[in-house]
Amino acid sequence: MSTVVLLIVTGLGLGALYFLIASGLSLIFGLMDVLNFAHGAFLAIGAYGTWWAAENLPGAGPAGVGFLLAMVFGVAAGTLAAVLVELCVIRPLYGRHREQILATVGLSLAVPALIQAIWGADPHTFPKPELVSGTLPLLGVNVPKDRYLLILAAIVVFVALWLFNSRTRYGLIVRAGVQDRAMVTALGIDVRKSFTLVFAIGGAAAALAGSLGGLYFGVVTPTQGMSLLIFAFIVVVIGGTTSLTGCAIASVTVGLIQQFANYYTVAGLGDIAVVAVLAAVLLTRQGGLTGKKSAERVA
Amino acid sequence: MTDTDTTVRESTGSPKRTDISDVRRRRSLPWWAVPAVVLVVALALPFSTLYIPGLFEGALNSPSTLHLLALCLVFGGLATSYDLLYGRVGLLSFGHALYFACGAYVAALLMSVLDLPLLWAAVIAVTGGTLLALLLGAVSLRVNGIALAMVTLAFAEAGSILISRDPGRWTGGEEGLSLSAEAVPDAFVGVVNTVNLYWVAVGYLVVVLAVVWWLGASPVGRVWQGIRANEQRVAVLGINPYPYKLVAFTVGGGLASLGGVAYLLVNGGVTPGITTAEFTLTLLVMVALGGAGTRWGPLLGAALYTYAEHRLLQSGGAFEALPAWIGAPLSQPLFILGTLFVLMVFFFPGGLVALPGRIRAAVRDRRTERTRKADPA
């Protein structure tokens, strides 16, 4: 019983991490049809930004309010990187989806290499504040505190994104743009402004995932982003590419399946089980669990 | 809406360009002239003692140079097999590394565990890789476009995890496998015999180019062109695109696994690095660098990329004289290549192969302008 509870909470924590990455990916993909390979780079920038700020930024530190400041710095760095990528790389290539994907592929190779050049390929120990180190009992099981933090952060981001989508004018434009971009443009709304906005949101969520992932894994490495990104892609496909709720459900499902299969069978089989689930979903319901629109629009 | 715009631009733009070059080539040279010259140069290289300072470390027939050239040729063949999917049919697959790794790992395992001779191990590995491509292609080609990219990526990632986690203690985990010297003929062992590895690479490349060019010129290749330009229209014309795409996927996968065997021989072993998604991404970079869907583009791009990566790694110390903030990034080959690639996507979308045509067009424009100025009537 205690193992099951621990596995559930850890799986939820992993799912929360996936959700933070995948929500931005699916927003970007839904609105702009860009498969953003540079998303892993935003994550790495967030993680390294937090780690760097905790050691070097005045006022920031590895514990307490200082760590919060370091996280804010990391998320800001990731957001800034995302906005810059949208403005300088994606914007000049509007309407050329192949080239946009190729450009983000180039970035996904270059940015981790740059990080590796500056801080080396070896993993760096991530600071762990007092508040989230140690365990907190749940149903008689000692669960590491960072899992709660991850789940909490994902819930906050989910609610914030949901409120943004349903209550604000920009959210309305984004939703309308996801459904029919041409129609929104025809109505006289400059949908391109929301492209930058969506990239900023996605970058911020990914950078948050990076700095929380640092807490979860305990270390930061330049290539962490890529391996998480692949699972985020899987989550996006299973979740139906454009739906926030589908994305959340798929993240939790993938996280739980991975944890349970990895624990009860051979390590590594959980990751493969996730791929099997993906194949099953694709073969039975194209377009994902909740999606009405399929991911096939772009060639 | 924008999608159709781009396809129209592509479909009207590219045939015109090839028409012009076809006419020009027909007037001056027979079609086999360029491949024949390239083949003769490739065959003559190991007999030359020419030393080109700066370009290679030793003379052209020194083992280190031949090894680098052989790697360039193997990756050239591999990139051409990837271009069969990406450039000729327009399938965006991110799982090509899987079939390459399948060929290399299966052959290495058969030789070390079952003590099979090289030939049988190669035959079984290539057959296995082709069947795997057929199976996974049959599943993943049920979806299109970006979904296809993600599904193939996921399958390749499963393979990569399987190999690096090493559940049965077979694949050597992070360390990979080395080629067992007993199973390989003596001609392929040792530094003295590097030239034979070079022949293997040349042979692999010739096979890939022959298969890809022949298929591209066959009726199947014409349907591929149609699918690339507009898949829906092909379907409306009464041709089911699915089997044609599956043929491309399977042939591409088979050629990639053959490349895996060649790579195993040339490199003397395999590491999990060739199974990762990054490896497929570098293949994509190679193809786009040279020019997707062209005859020589993927080969050119791959050879240049491999050469640049090796030379940049070797000359990593050369940047130490520079200040750290500029020297450190420059010592990372992937940083330079990734940045160059992004710039290339912006400024030379057709790749290197399209470059002479663009220059020629620019020169012609200037000349017509000048004649118009000189002779206003």
Side-chain angles (χ1 to χ4, degrees), chain A residues 29 33-35 37 89 92-114 116-118 181-182 185 223 226-227 229-231 233-234 236-237 241 266-276 278-279 282-283 286-288 294-299, chain B residues 1-3 5-7 90 92 136 139-140 142-151 153-162 164-167 228 230-231 276-278 281-282 284-285 288 292 324-325 327-346 349:
Chain A
F29 182 75
D33 293 341
V34 176
L35 184 63
F37 273 89
V89 178
L93 298 173
Y94 276 154
R96 290 153 64 188
H97 299 298
R98 274 276 159 107
E99 274 86 354
Q100 283 176 332
I101 294 172
L102 290 181
T104 61
V105 165
L107 284 175
S108 78
L109 294 177
V111 173
L114 182 67
Q116 191 176 331
I118 301 174
R181 195 173 46 212
T185 318
T223 51
M226 196 64 197
S227 48
L229 184 67
I230 289 168
F231 286 104
F233 279 150
I234 296 176
V236 170
V237 176
T241 60
V266 192
L269 203 68
D271 309 14
I272 292 161
V274 169
V275 176
L278 170 76
L282 276 174
L283 288 178
Q286 296 188 8
S294 73
E296 298 190 12
R297 288 183 308 167
V298 192
Chain B
M1 193 183 75
T2 43
D3 297 349
D5 281 355
T6 48
T7 40
L92 192 58
L136 295 185
V139 174
S140 38
R142 289 174 60 101
V143 290
N144 269 329
I146 298 296
L148 173 70
M150 296 196 204
V151 177
L153 182 71
F155 280 136
E157 186 62 13
S160 176
I161 291 166
L162 194 69
S164 63
R165 294 280 171 87
D166 195 10
R228 190 194 164 186
N230 193 333
E231 187 175 337
T276 56
E278 280 95 338
L281 294 187
T282 51
L284 181 63
V285 170
W325 64 271
L330 286 182
S331 63
Q332 292 286 338
L334 265 185
F335 174 71
I336 301 181
L337 292 170
T339 315
L340 277 181
F341 178 65
V342 174
L343 292 176
M344 219 204 62
V345 169
F346 271 89

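Chain naming here is simple, since letters A, B, ... match the order of the sequence lines and numbering starts at 1 in each.
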Please examine the side chains of [Y] and [X], heavy atoms only from C-beta on, and report whether any two atoms are closer than 4.5 Å.
| X | Y | result |
| --- | --- | --- |
| B/F346 | A/L93 | yes |
| A/V275 | B/F155 | yes |
| B/F341 | A/L109 | no |

Where does B/A288 contact chain A at under 4.5 Å (heavy atoms): side chain, backbone, both or neither? side chain
Taking side chain as everything from C-beta outward and backbone as N, CA, C, O, which of these in B/V285 sits under 4.5 Å from a heavy atom of chain A? Side chain, backbone, both or neither. side chain
Hits for side chain to side chain contact (heavy atoms under 4.5 Å, CB included) against A/T223, two or more places apart or cross-chain, chain-then-number order -> A/T221
Taking side chain as everything from C-beta outward and backbone as N, CA, C, O, which of these in A/L102 sits under 4.5 Å from a heavy atom of chain B? Side chain, backbone, both or neither. both
Contact origin within A/V111 toward chain B - heavy atom pairs under 4.5 Å: neither
With a 4.5 Å cut-off on heavy-atom pairs, point out which of B/T282, B/T339, B/V342 contacts chain A the most. B/V342
Hits for side chain to side chain donor-acceptor pair (under 3.5 Å) against A/T104, two or more places apart or cross-chain, chain-then-number order -> none
